[in-house]
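Only one structure is covered here, and it is reproduced in the block below.
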Amino acid sequence: MFSDYYMPVRVLSGKDAVLVNKTVFTKYGSKCLIVCGKSSAASSGALDDIKKVLNECEVECTVFDSVTQNPRTADCLNAGQVARDFGVEYIIGIGGGSQLDAAKAIAVYAANKFLSADGIYSEESMLPPLPVILVGTTSGTGSEVTGISVLTNESGRKKSVSGENYYAKVSFADPKYTYSMPFGVTVSTAIDAFCHAVESMLSNKAGEQSKMCSVRAVAPLWKAITEMHASNELPDKATRDELYSCSLFAGLAINLTGTCYPHTLGYTLTEDYGLPHGMACAAFLPSLIKRALEYKNAEAAEFLSMINMNYPEFERTVFSIVDIKDISMTKEQINSYCERCQSVKNFINSPGGFTAADAKAVLSELFLKNEGEEN
Ligand code: NAP
Ligand code: ZN
């Protein structure tokens with residue numbers, strides 16, 4: 001079978017990875033822009049470590065700390081201008097998926113002065129981005145190892161952009177920066193990683209290499225998620241280290257296969273109902289497994305045996321963790337969401353090949369509260 005494995009990021013992982021790999025920071029220039037959010041870069045300790053190392057290496061830095069969750073293309077465009085104004089030679093992104101994805105996009109805007117905000121999705125003749133170094137602080141998205149940036153466009157819709165321009169040069173993966181995540185963020189980012197592993201495992205594009213990565217992550221993530229849910233407490237440090245490793249394996253898996261329809265439909269729950277990304281995607285996992293039992297029975301059965309559950313138990317457990325009972329949609333809303341779903345890659349790669357009509361059925365079953373309005 002034909003396979004194409006491409007993952008050009010140097011990943012430096014383990015305790016104090018930033019502090020012991022100083023030379024990385026002099027490799028891409030002597031002036032950089034640090035891209036982060038308001039609090040997590042500082043509370044995780046990552047910003048202090050980075051500043052210390054930059055100071056020791058005599059690399060000048062400017063901090064741009066206003067990257068919000070679900071970063072907008074227009075804000076990244078403005079940050080690209082800031083990078084040009086300061087004449088920086090490379091970008092350091094510190095944070096969760098939001099900041100890491102923003103850093104990737106800012107590096108593209110900084111190098112392409114004439115790009116409009118949403119032009120990032122369509123412009124073909126772009127100059128290469130500034131080099132990017134990433135420092136992860138959540139155990140979820142795997143953005144450290146993917147050539148993907150998920151941005152919110154000027155219409156307020158989440159849309160990803162991917163390819164050669166969206167890989168970091170180097171990613172630091174030190175789990176100590178994830179220890180400051182509060183309980184809710186720890187659970188929802190672990191669920192995001194779990195969705196990546198499951199969606200990749202069941203994707204029509206799954207192959208030997210992607211399966212090695214997805215299968216590595218499924219069972220430990222599910223164990224940690226269900227134990228956190230049962231105890232209502234953060235796990236011990238060894239488990240949190242394992243969560244970070246699993247998020248990277250799951251990231252490697254989706255970098256090969258992409259995700260399935262739970263990610264596309266999940267975006268609507270984040271945009272319009274404020275559900276954290278991981279929870280939003282997980283709302284569609286039971287329907288994915290049901291569909292896989294029909295179209296990819298061996299893989300779905302393998303998945304259920306890995307987590308030691310049958311389908312009804314899995315569905316019940318997911319909906320005890322992911323609370324969607326207050327979300328309701330009108331028929332018009334569902335139709336408008338489905339209009340966005342024509343020829344989406346994630347749909348085509350889902351078991352059985354998912355269509356806009358399938359999306360309508362899934363959304364109606366979960367969220368159309370007024371019975372009799374399904375058609
Ligand atoms: P996030 O949106 O980056 O962060 C969520 C919250 O957690 C923020 O309030 C953040 O605070 C806080 N936080 C992060 N790290 C922390 C830490 N160590 N200690 C305390 N608080 C911390 O969450 P995420 O789930 O990592 O990223 C979600 C985004 O990634 C979405 O936009 C999603 O679409 C995208 N995504 C990207 C990929 C990819 O391959 N590129 C894959 C899946 C998802 P601050 O605001 O202060 O930072
Ligand atoms: Zn995700």
Side-chain angles (χ1 to χ4, degrees), residues 150 155-160 188 191-192 194-206 254 257-304 307 309-375:
V150 185
S155 317
R157 296 298 174 201
K158 283 172 75 77
K159 196 173 171 199
S160 64
S188 101
I191 288 183
D192 183 27
F194 181 69
C195 291
H196 295 165
V198 178
E199 290 174 47
S200 176
M201 190 180 162
L202 298 173
S203 166
N204 293 335
K205 287 180 75 183
I254 57 165
T257 59
T259 49
C260 290
Y261 70 84
H263 262 69
T264 315
L265 296 186
Y267 288 167
T268 61
L269 300 185
T270 299
E271 291 160 2
D272 293 347
Y273 299 89
L275 230 61
H277 172 69
M279 295 290 183
C281 300
F284 301 99
L285 274 192
S287 83
L288 178 74
I289 302 308
K290 202 180 209 176
R291 192 173 180 84
L293 283 167
E294 188 178 347
Y295 293 100
K296 286 192 139 195
N297 186 269
E299 288 86 344
E302 185 188 356
F303 162 71
L304 288 169
I307 60 162
M309 281 196 171
N310 60 33
Y311 175 76
E313 284 169 337
F314 176 67
E315 183 185 41
R316 217 172 26 250
T317 311
V318 168
F319 287 125
S320 71
I321 300 170
V322 181
D323 185 4
I324 54 165
K325 64 179 179 313
D326 291 333
I327 298 180
S328 71
M329 294 178 185
T330 63
K331 201 167 64 171
E332 291 70 30
Q333 245 179 315
I334 291 176
N335 285 339
S336 84
Y337 291 144
C338 293
E339 273 167 29
R340 295 164 57 189
C341 296
Q342 311 295 340
S343 316
V344 181
K345 268 190 297 189
N346 308 34
F347 277 28
I348 296 160
N349 296 333
S350 299
F354 198 71
T355 64
D358 294 323
K360 190 172 168 181
V362 167
L363 289 171
S364 300
E365 192 181 335
L366 288 172
F367 304 115
L368 189 65
K369 294 287 152 53
N370 200 349
E371 283 185 24
E373 278 194 29
E374 282 87 357
N375 299 312

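Position 1 is the first residue of the sequence, and the numbers go up from there.
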(request) List the atom of Val362, the atom of Ser287, and the distance in Å for their closest heavy-atom pair. (result) CG1-OG, 3.8 Å
(message) When you compare the side chain of Ile334 with that of Cys338, does any pair of heavy atoms fall below 4.5 Å?
(response) yes
(message) Looking at every heavy atom in both Asn204 and Ser350, which two are closest together, and how far apart are they?
(response) ND2-O, 2.9 Å
(message) Rounded to the nearest 0.5 Å, what separates atom NZ in Lys290 from atom CD in Glu365?
(response) 5.0 Å
(message) Would the distance check show the side chain of Ser320 and the main-chain N or O of Thr317 forming a donor-acceptor pair, the cut-off being under 3.5 Å?
(response) yes
(message) Show the nearest heavy-atom pair for residues Leu293 and Ala301, with the distance to one decimal.
(response) CD2-N, 4.4 Å
(request) Please answer whether the main-chain N or O of Leu368 pairs with a side-chain N or O of Ser328 as donor and acceptor at a distance below 3.5 Å. (result) no
(message) Classify the ring geometry of His263 against Tyr267: parallel below 30°, tilted from 30° to 60°, perpendicular beyond 60°.
(response) perpendicular
(request) Quick one: pull up NE2 in His196 and OG1 in Thr259 and give me the separation to the nearest 0.5 Å. (result) 7.0 Å
(message) Check whether Asn346 reaches the backbone of Gly258 with its side chain - one donor and one acceptor, N or O, closer than 3.5 Å.
(response) no
(request) Give, for atom NZ of Lys360 and atom NZ of Lys331, the distance between the pair rounded to the nearest 0.5 Å. (result) 7.5 Å
(message) I'd like to know if the side chain of Ser155 and the backbone of Arg157 have a donor-acceptor N/O pair within less than 3.5 Å.
(response) no
(request) Report yes if some heavy atom in the side chain of Asp323 is under 4.5 Å from a heavy atom in the side chain of Met279; otherwise report no. (result) no
(request) Grab the two heavy atoms, one from Gln333 and one from Tyr273, that are nearest each other, plus how far apart they are. (result) NE2-OH, 2.8 Å
(request) State, without any angle test, whether Tyr261 and Asp358 hold a side-chain donor-acceptor pair at a distance under 3.5 Å. (result) no
(message) Quick one, Leu288 and Glu199 - any side-chain contact, counting heavy atoms below 4.5 Å?
(response) yes
(message) Show the nearest heavy-atom pair for residues Pro286 and Phe319, with the distance to one decimal.
(response) CG-CE1, 3.7 Å
(request) Indicate the ring-plane relationship of Phe284 and Phe367, choosing parallel, tilted or perpendicular according to the 30° and 60° boundaries. (result) perpendicular
(message) Test your reading of the model: is there a side-chain donor-acceptor pair from Glu313 to the backbone of Asn310, 3.5 Å cut-off?
(response) yes
(message) Would you say that Lys158 contacts Thr264 through its side chain, given a criterion of any heavy-atom pair below 4.5 Å between the two side chains?
(response) no
(message) Return the CG to SG distance between Leu265 and Cys260, rounded to the nearest 0.5 Å.
(response) 11.0 Å
(request) Nearest 0.5 Å please: distance from the CG atom of Leu202 over to the CZ atom of Phe303. (result) 7.5 Å
(request) Check the angle between the aromatic planes of Phe347 and Phe354 and answer parallel, tilted or perpendicular using the 30° and 60° thresholds. (result) perpendicular
(request) Indicate the atoms forming the closest heavy-atom contact of Cys195 with Gly278, along with that distance. (result) SG-O, 4.2 Å
(request) Kindly say whether Gly353 contributes a backbone atom to a donor-acceptor pair with the side chain of Arg291 at under 3.5 angstrom? (result) yes
(request) List for me each residue that meets side chain to side chain donor-acceptor pair (under 3.5 Å) alongside Asn297, sequence neighbours excluded, and say none if there are none. (result) none
(request) Measure the CD1-CG distance between Ile327 and Leu269 for me, rounded to the nearest 0.5 Å. (result) 5.0 Å
